[in-house]
Number of protein chains: 2
Amino acid sequence: MVSNWTEDNLISIRERVYIHIKDLILEGEFKAGDRLVERELAERLNISRTPIREALFRLESQGFVKTVPRKGVIVADISEKEIIEVFTILSSLEVLAAKLAVQKLDDETKSKFIACINKVKACLQDKRESDYSDLHFEMNHLLYSSAKNTKLYEILSGLSDYIKAFAKLGYKKTGRAEQSMEEHIKIMEAIVNQETEMAEFLTKIHIENSRKAYIESVKKGEKK
Amino acid sequence: MVSNWTEDNLISIRERVYIHIKDLILEGEFKAGDRLVERELAERLNISRTPIREALFRLESQGFVKTVPRKGVIVADISEKEIIEVFTILSSLEVLAAKLAVQKLDDETKSKFIACINKVKACLQDKRESDYSDLHFEMNHLLYSSAKNTKLYEILSGLSDYIKAFAKLGYKKTGRAEQSMEEHIKIMEAIVNQETEMAEFLTKIHIENSRKAYIESVKKGEKK
DNA sequence: ACCAATAATAACGTATCATTTTTCATAACC
DNA sequence: GGTTATGAAAAATGATACGTTATTATTGGT
């Protein structure tokens, strides 16, 4: 009987290390091209090298770092072209997620969406910009999970993290954050109202706008 | 089968182990629920446990095995529901790939497609069923790569492997293989002729048919 | 200034120890 | 007599330390 294998949920050192290093990359502590030396990390975290290596390999297969055999590990150096490619994929998959979210909408998810909408609206009125990042994360994951498709959730989360780590989105200056929030509200309202095509359309526009904002921020960055 | 281990020290051991174990899962040698014991594998391949573990963790992050801390690793037990979910994702992404393939079509890719079409046609006429599996693989990867989107290629390859490993497609008996080949030919012809919408439409139908064939084969399997 | 030889460094893989889980046998209880 | 508890032994994973090999940096010589 293989049943009770999947139940338990303990946390191992390598799991913590993985989360830790990934966070450092997502937060920009480790930047593209930085070398991640096993021994240094091991000393820094006061553990042996094995869990470090396991975490690094895991990060590699998700595209966050790049390992060159016999040389070492560096934080992935993602080109703008690749980021734009990821936006293209996101466009397809978030539209799919929106469609599925409408199809599979149940009462529990519905109330989650409504709660989220109100939260975002309150945040916008108070102009609590500090909460924008967390809220953005929360909205995305609510949308991703409400599609009720395990693999889709994993892929979208991965791509979303990827964008977070490597696309330095210049939100604050462009006022894109507010616009993005409002787009999200409309998307969520469409889902709650079960308007499939509207939800798909709004999602497509939303990603398109995000992509444009990214391209814009890249251009500005190059000029200086 | 495990003989050629000492030759070619060019790539690392963990890389070979990863490919080896993944192949065993894809070929059905290791089935869902099977335990993968580090020590057993290490003895079987005559190496130490470290490279085995690295390979296993890598397989985990791609969804082929499942590890439970302090307990061990088992080959993922994928439900029919999850397979169908993956078909849903494939539908979106292969349609996207078809669209991109048309948009980014260049002469080199074009001739590859034409060569592939002829190859498949010849194979169909001769009824060389043994080649079907390889050809299917070849066609898919030609389509995936011609979208010229690195991440999309990775995701599609992963999902394709996933289907291969866990959906036991009953091709031969249903005549689905021939039908699938013909669908592929039409898709590739549409791409070569730069008919975007036709390529998208045919791809969508193709995945839909594959999904139906899978569901059919599952039903039959349950009856016996 | 450039090339070769050597030393230092870091990744790769093995061996070993420690901890946890599982299994199996014995015993107690219903 | 059969089922469940308990505990010790075996087995498997988690982590560390160590040796080896390959790459990189440095030094010395031409």
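A, B, ... follow the sequence lines: proteins, then strands. Residue 1 opens every chain. Because the structure is predicted, anything quoted here is derived from the model rather than measured. Because only heavy atoms are used, hydrogens play no part in the values below, and waters and symmetry mates are left out as well, while side chains stay in.
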Query raised in the report: Which sits closer to the 5' end of DNA chain C, A:Lys71 or A:Thr50, going by the nucleotide each is nearest to?
Result: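 Nearest-nucleotide comparison on DNA chain C picks A:Lys71.
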
Nearest-angstrom distance from the residue atom [atom1] of [X] to [atom2] of [N]:
{"X": "A:Ile47", "N": "C:dA18", "atom1": "CD1", "atom2": "C1'", "answer": "16 Å"}
{"X": "B:Arg35", "N": "D:dA12", "atom1": "CZ", "atom2": "C1'", "answer": "7 Å"}
{"X": "A:Leu45", "N": "D:dA15", "atom1": "CG", "atom2": "C1'", "answer": "14 Å"}
{"X": "A:Ile74", "N": "C:dA11", "atom1": "CD1", "atom2": "C1'", "answer": "15 Å"}
{"X": "A:Ile52", "N": "D:dA15", "atom1": "CD1", "atom2": "C1'", "answer": "12 Å"}
{"X": "A:Arg14", "N": "D:dT16", "atom1": "CZ", "atom2": "C1'", "answer": "15 Å"}
{"X": "B:Tyr18", "N": "C:dC12", "atom1": "OH", "atom2": "P", "answer": "17 Å"}
{"X": "A:Asn46", "N": "D:dA15", "atom1": "CG", "atom2": "P", "answer": "14 Å"}

From the options [options], select the nucleotide whose nearest atom is closest to the side chain of [X].
{"X": "A:Ile13", "options": "C:dA10, D:dG14, D:dA15", "answer": "D:dA15"}
{"X": "A:Arg70", "options": "D:dT13, C:dA10, D:dT21", "answer": "D:dT21"}
{"X": "A:Ser48", "options": "C:dG13, D:dA15, D:dT16", "answer": "D:dT16"}

Indicate yes or no: does [X] engage [Y] in a salt bridge with an N to O separation below 4.0 Å.
{"X": "B:Glu85", "Y": "A:Lys151", "value": "no"}
{"X": "A:Glu183", "Y": "A:Arg176", "value": "yes"}
{"X": "B:Glu208", "Y": "B:Arg211", "value": "yes"}

Requested in this report: Confirm from the modelled atom types if B:Arg39 and D:dT13 form a donor-acceptor pair under 3.5 Å, side chain to base only.
Outcome: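 Counting by modelled atom types and ignoring angles, no donor-acceptor contact under 3.5 Å is found here.
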
Requested in this report: Look at the side-chain N and O atoms of A:Arg49 and state whether any lies under 4.0 Å from the OP1 or OP2 oxygen of C:dA11.
Outcome: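 False: A:Arg49 side-chain N/O out of range (4.0 Å or more) of C:dA11 OP1/OP2.
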
Query raised in the report: After noting the C-alpha distance and the side-chain angles of B:His136 and B:Ser180, does the key distance pass the side chain to side chain contact (heavy atoms under 4.5 Å, CB included) rule?
Result: CA-CA 9 Å; B:His136 196 265; B:Ser180 173; 3.7 Å; yes

Report task. May I ask you to establish whether A:Arg58 and A:Tyr18 are in a cation-pi arrangement, using a distance under 6.0 Å from NZ or CZ to the six-membered ring centre and at most 45° from the ring axis? Result ->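 Positive - A:Arg58 is close enough to the ring of A:Tyr18 and near enough to its axis.
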
